[in-house]
Amino acid sequence: MAKQRVLSGVQPTGNLHLGNYLGAIRNWVEIQSNYDNYFCVVDLHAITVPHNPKTLAHDTYTIAALYLACGIDLQYSTIFVQSHVSAHSELTWLLNCITPLNWLERMIQFKEKAVKQGENVSVGLLDYPVLMAADILLYDADRVPVGEDQKQHLELTRDIAIRVNDKYGSKEKPVLKLPEPLIRQEGARIMSLTDGTSKMSKSDPSDMSRINLLDPPELVEKKIKRCKTDPIKGLTFDDPERPECNNLLTLYTILSGKTKQEVAVECRDMGWGQFKLLLAEVTIEVLRPIQDKYKEIMDNRDYLDSILREGRQKAEAVANKTLERVKNALGYLPPL
Ligand code: ATP
Ligand code: MG
């Protein structure tokens with residue numbers, strides 16, 4: 001039987017942080033051998049907020065190289081750049097015309113990101129979830145491994161697919177495949193180092209709020225030393241009054257590979273000073289091999305180019321077929 005297909009992506013809006021790694025990429029790596037995987041660098045999404053044209057191409061390379069450095073294996077997975085496959089933009093337009101505006105106005109991420117943009121909110125930011133739906137639906141993806149923050153967008157993707165199928169398909173011959181989210185509980189929502197109630201984000205203006213996968217050891221140590229804590233003695237999980245404490249213990253649990261129970265006992269009587277040293281140490285150890293591999297890949301640009309070229313070809317072959325299927329269902333005159 002053919003393997004089920006997986007699709008996911010990260011925006012080149014900066015370099016990857018621990019939230020992206022623990023919420024998404026680590027899971028991609030773990031499941032990849034069981035699926036036929038497509039991992040894209042979603043550069044069209046990256047311009048939904050103001051972006052820097054001078055760094056976009058470099059950031060795109062960085063994310064692709066980090067996929068490889070984190071363990072994405074080309075034996076199982078295809079890596080490509082979203083803007084290299086024009087079907088993403090084209091399907092977005094078709095889906096735009098069948099997506100009710102009020103579905104998009106309800107999206108939490110839009111509301112949160114729009115507040116930060118003030119007067120400058122683009123139509124693209126509102127349309128972000130439709131582009132994401134196109135990304136997923138083009139590949140007939142069965143599974144979409146993402147962090148918790150993308151759950152609402154995945155529900156919207158399913159709603160859009162259902163609407164297309166109802167309007168233009170039949171029960172026997174649906175136009176689009178309905179994808180299922182794959183959200184792992186542990187690490188699905190890593191919080192900011194400066195505020196335990198908001199998620200760690202590439203777009204947070206403060207670099208001190210996140211640990212980037214490429215931060216050198218001294219910086220990791222500094223960020224952890226300065227991160228927000230509380231004056232309560234002893235460290236405990238799951239106390240709603242202590243979101244920072246829960247987040248840091250969760251990070252330590254996942255990064256050390258210990259169980260929650262083990263960490264609860266180990267850290268029960270610890271002070272912040274002692275715990276922060278421990279967390280910094282394990283974080284640095286997890287990041288070291290990723291950083292070494294990353295440097296190796298970035299030093300070999302021809303290799304990276306060849307991967308992205310091949311990735312585009314493979315992705316295009318799948319995406320163009322789906323696009324054609326949708327255009328046929330909508331009644332378009334095929335190119336003559
Ligand atoms: P931006 O702030 O620009 O939106 P981001 O940090 O949210 O950046 P994305 O590129 O939007 O990163 O998301 C890439 C993947 O990482 C998605 O699967 C998303 O769900 C996941 N992710 C993002 N932030 C976190 C987080 N704090 N914890 C767990 N997963 C996360
Ligand atoms: Mg995001």
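Predicted model only: the values in this text are computed from it and were never measured. Counting starts at 1 for both ligands and their atoms, in listed order.
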Under 3.5 Å donor-acceptor, [X] side chain and [Y] backbone:
X    : Y    : value
K3   : S33  : yes
N165 : L176 : yes
N246 : P243 : no

Point to revise | Verdict with reasoning, S206 to D204, per side chain to side chain donor-acceptor pair (under 3.5 Å) | key: CA-CA 5 Å; S206 165; D204 190 314; 4.8 Å; no
Could you check [atom] against the protein and tell me its nearest heavy-atom contact, residue, atom and distance included?
atom                    : result
atom 2 (O) of ligand 1  : S203 OG, 2.5 Å
atom 16 (O) of ligand 1 : N20 ND2, 3.1 Å
atom 27 (N) of ligand 1 : I190 O, 2.7 Å
atom 7 (O) of ligand 1  : K199 NZ, 2.6 Å
atom 9 (P) of ligand 1  : K202 NZ, 3.4 Å
atom 20 (O) of ligand 1 : D149 OD1, 2.5 Å

Review point. Which bit of A188 gets closer than 4.0 Å to ligand 1, counting heavy atoms only: side chain, backbone, both or neither?
Key: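 Within the 4.0 Å criterion, A188 contacts ligand 1 through backbone atoms alone.
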Check your understanding: Where's the contact between Q11 and ligand 1, heavy-atom distance under 4.0 Å: side chain, backbone, both or neither?
Key ->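 It is both backbone and side chain that touch ligand 1.
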Review point. Would a 4.5 Å heavy-atom cut-off, applied to side chains only, mark D239 and C245 as touching?
Key: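 No. Closest side-chain heavy atoms not under 4.5 Å.
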Check your understanding: Where the closest heavy atom to atom 18 (O) of ligand 1 is concerned, which of G147, G19, P181, A46 has it?
Key ->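 Looking at heavy atoms only, the winner is G147.
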Check your understanding: Which heavy atom in T322 sits nearest to a heavy atom in L137, and how many Å separate them?
Key ->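 That closest heavy-atom pairing would be CG2-O, 3.6 Å.
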Review point. Looking at F39 and S77, what are the two nearest heavy atoms and their distance?
Key: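 Of all heavy-atom pairs spanning F39 and S77, the closest is CE1-OG, 3.5 Å.
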Would you please determine whether [X] falls within less than 4.0 Å of ligand 1 on a heavy-atom basis?
X    : result
G187 : yes
H17  : yes
K113 : yes

Exercise for review: Considering the heavy atoms of G23, write down every atom of ligand 1 situated less than 4.0 Å from one of them.
Suggested key: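 Going through ligand 1 atom by atom, the ones under 4.0 Å from G23 are 29 (C), 30 (N).
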Check your understanding: Which ligand 1 atoms are under 4.0 Å away from a heavy-atom of V10?
Key ->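 Those atoms are 10 (O), 14 (C).
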Check your understanding: Do any nitrogen or oxygen atoms of T13 come within less than 3.5 Å of a nitrogen or oxygen of ligand 1?
Key ->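 There is such a contact, yes.
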Exercise for review: Give the ring-plane orientation class for H153 versus Y128, where under 30° counts as parallel, over 60° as perpendicular and anything between as tilted.
Suggested key: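 Answer is tilted, since the angle falls between 30° and 60°.
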